[in-house]
Amino acid sequence: MSVRTRVAPSPTGTPHLGTAYIALFNKAYAEQQGGDFILRIEDSDTVRSSKQSEVDILDALKWLDLDWDEGPDIGGSRGPYRVSERLTHYEAHANELIQAGGAFTCFCSQERLDELRREQQRQGETPKYDGHCLALSESEVQRRIDEGESHVVRLRVPDSGDCTFTDRIRGEITIPWQQVDMQVLVKSDGFPTYHLCATVDDHLMGITHILRGEEWISSCPKHVLIYDYFGWQFQELFHLPLLRNKDQSKMSKRKNPTGINYYRDRGYLPEALLNYLATMGWSMPDESEQFSYAQLTEKLDLTRISPRGPVFDVEKLDWLNGCYIRDLPDEELRTRFSSWAGNSANLEKIVSMLKERTERFDQVLTQVDYLIGERKPIDKEDLMQPPLSEEDVVKILDFAARTLECITTWRSDEIGVALRHTAEICDYKVRDFVAPLFVALSGRKVALPLFDSIEVLGLELTRARLRSAIDILGGISNKKLKRLDKEWTTLTQS
RNA sequence: GUCCCCUUCGUCUAGUGGCCCAGGACACUGGGUUUUCAUCCCAGCAACAGGGGUUCGACUCCCCUAGGGGACGCCA
């Protein structure tokens with residue numbers, strides 16, 4: 001049987017490095033085995049999914065040259081490749097599951113479930129569905145559905161015994177059924193949850209090997225159950241380790257730039273980034289550090305992947321990227337560099353910012369240094385301008401980051417409105433509020449207009465610079481962070 | 001809290017019972033090449049979490065402890 005692998009990102013936000021990491025191994029393995037690599041869009045969360053996000057993910061993966069054999073944009077024999085376009089499949093399978101006794105209809109209200117969860121947590125128990133609707137008769141279920149009562153479909157889970165499955169990287173894993181919740185499979189809006197659509201689609205699409213993040217291990221029993229009810233053949237399972245922050249926690253945007261586009265915009269070469277990702281949990285048999293995608297597919301052995309979560313170390317990525325740059329022939333480097341510099345969507349914006357304050361072209365570079373390159377190291381003195389205390393400045397930098405986090409349309413005017421609003425609710429003069437931001441972002445006290453600069457820099461880079469400014473002031477302790485969290489919540493809710 | 005996973009230099013890793021008083025790479029330190037810087041070259045620093053077993057022999061196998069991580073949503 002021909003190998004088929006897949007990556008199934010959900011289009012909720014900016015393309016994530018983790019997606020690239022998982023996609024890389026899936027694609028490399030499929031290619032090595034002469035199989036196919038499939039891209040499926042998991043847009044089952046109707047609230048958070050967006051078309052834009054899907055487009056961004058496809059673009060980001062293409063930039064990395066991680067293209068697919070079947071996918072939403074190019075189709076394929078087992079399509080469609082968006083969850084939202086496969087609803088009839090899930091409905092049919094959910095019904096079949098109910099008929100077979102593998103699932104049941106549940107009418108419990110959100111309030112009842114919240115209360116139940118609170119109570120269980122108070123008792124120190126693992127929050128779990130209590131089986132309230134399990135005993136409903138078929139006729140009652142039908143009656144309530146006919147009456148239009150809101151309902152979901154839940155997975156029926158054995159109440160004793162263990163579930164054992166094999167992860168090909170870790171070996172046999174056993175989880176007690178007691179520990180497994182009666183997961184919602186179909187939401188009240190009729191959309192499937194991940195557990196239903198992933199299992200049904202993986203089967204229907206003929207997926208043979210599942211390579212995904214480690215965070216899925218604990219939901220495997222649910223998937224095993226569904227496969228068993230249908231009598232389907234389970235895939236080979238490989239749970240790749242989670243990429244980590246420096247402090248070993250799961251890589252998160254708060255502590256690290258996690259967006260693929262951030263790395264593209266910083267001028268990393270896609271092949272270098274891919275190479276680096278490939279060294280996370282994997283090593284070439286000859287221990288070489290620099291290797292191409294082709295070499296990876298030749299040598300890849302999934303069972304040699306380390307289960308231990310690797311820290312994403314930008315310094316080593318920088319070194320590797322430097323190696324790739326040095327290896328490029330001059331002519332190609334020139335092409336690549338100018339396409340990086342010139343194709344920047346921001347060029348237009350930068351030019352218009354400069355127009356008013358430039359008399360000669362040779363004045364341009366000194367003004368835009370921090371927009372197109374690294375900013376100067378921050379002088380702590382510059383950051384601390386009267387009348388603000390150090391505590392004020394840290395708070396401003398942190399709250400500015402939080403504000404930007406919430407911006408829906410990344411445009412200077414929106415950014416300005418939001419930041420001014422934050423200044424106001426915190427009771428700072430806009431002038432005072434904005435001063436440390438200039439320094440944090442540009443490394444200088446005088447810079448081009450702030451809101452425009454932020455638009456050009458983008459969220460991730462802005463966040464990274466704000467964070468590094470905070471670090472210069474000694475960082476934020478956990479205790480302090482909690483206090484800021486609280487203050488932020490109070491301010492933004494009123 | 002419950003369950004699951006993980007544990008070799010600061011970081012990425014090699015190591016599948018003797019080849020290991022543990023090898024490579026990044027970072028760091030020192031030296032050399034270079035008009036400067038970078039590159040490049042050389043050298044140095046630095047780890048088997050702890051405790052019990054099993055074995056003639058354990059980084060490698062088993063158990064316990066500790067630490068880290070993940071999951072516990074009508075998110076994926």
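Lettering of chains follows the sequences in order, A, B, ..., and the numbering in each one begins at 1.
Looking at the side chain of K187(A), the nearest of the listed nucleotides A71(B), G68(B), C74(B) is C74(B). Listed nucleotides: C74(B), A71(B), C3(B). Nearest to the side chain of S218(A): A71(B). For W216(A), the side-chain atoms get nearest to A76(B) when compared with the rest of C74(B), C5(B), A76(B). The listed nucleotides are G69(B), C74(B), C4(B); the one nearest the side chain of R117(A) is C74(B). Closest to the P127(A) side chain, of the nucleotides C4(B), C75(B), G73(B), is G73(B).
Near RNA chain B, meaning a heavy atom under 4.0 Å from it, residues 194-210 of chain A has Y194(A) in order of number. Proximity of residues 4-19 of chain A to RNA chain B (heavy atom under 4.0 angstrom from any strand atom) is restricted to S10(A).
For residues 240-277 of chain A, the pairs satisfying ring-ring contact (aromatic ring centres under 6.0 Å, His included) are Y263(A)-Y268(A), Y263(A)-F312(A), Y276(A)-F312(A), with sequence neighbours left out. Pairs of residues two or more places apart, or lying in two chains, that qualify as ring-ring contact (aromatic ring centres under 6.0 Å, His included) and include a residue from residues 107-131 of chain A are F107(A)-H151(A).
A perpendicular orientation is assigned to the rings of Y227(A) and H203(A), their planes being inclined by more than 60° (bins at 30° and 60°).
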Which letter, B, S or -, goes with each nucleotide of nucleotides 9-15 of chain B from 5' to 3', with contact meaning a protein heavy atom under 4.0 Å?
-> --SBSSS
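Taking 3.5 Å as the limit, the base of C3(B) and the side chain of T126(A) contain no donor-acceptor pair of atoms between them.
Qualifying salt bridge (Lys or Arg N to Asp or Glu O under 4.0 Å) partners for D59(A), counting only residues two or more places apart in sequence or in other chains: none.
In this model, the phosphate group of C3(B) is not approached by any side-chain N or O of K128(A) to a distance below 4.0 Å at OP1 or OP2.
Residue W177(A) comes nearest to S160(A) through the heavy atom pair CD1-O, 3.2 Å, listed as atom of the first residue, atom of the second, then distance.
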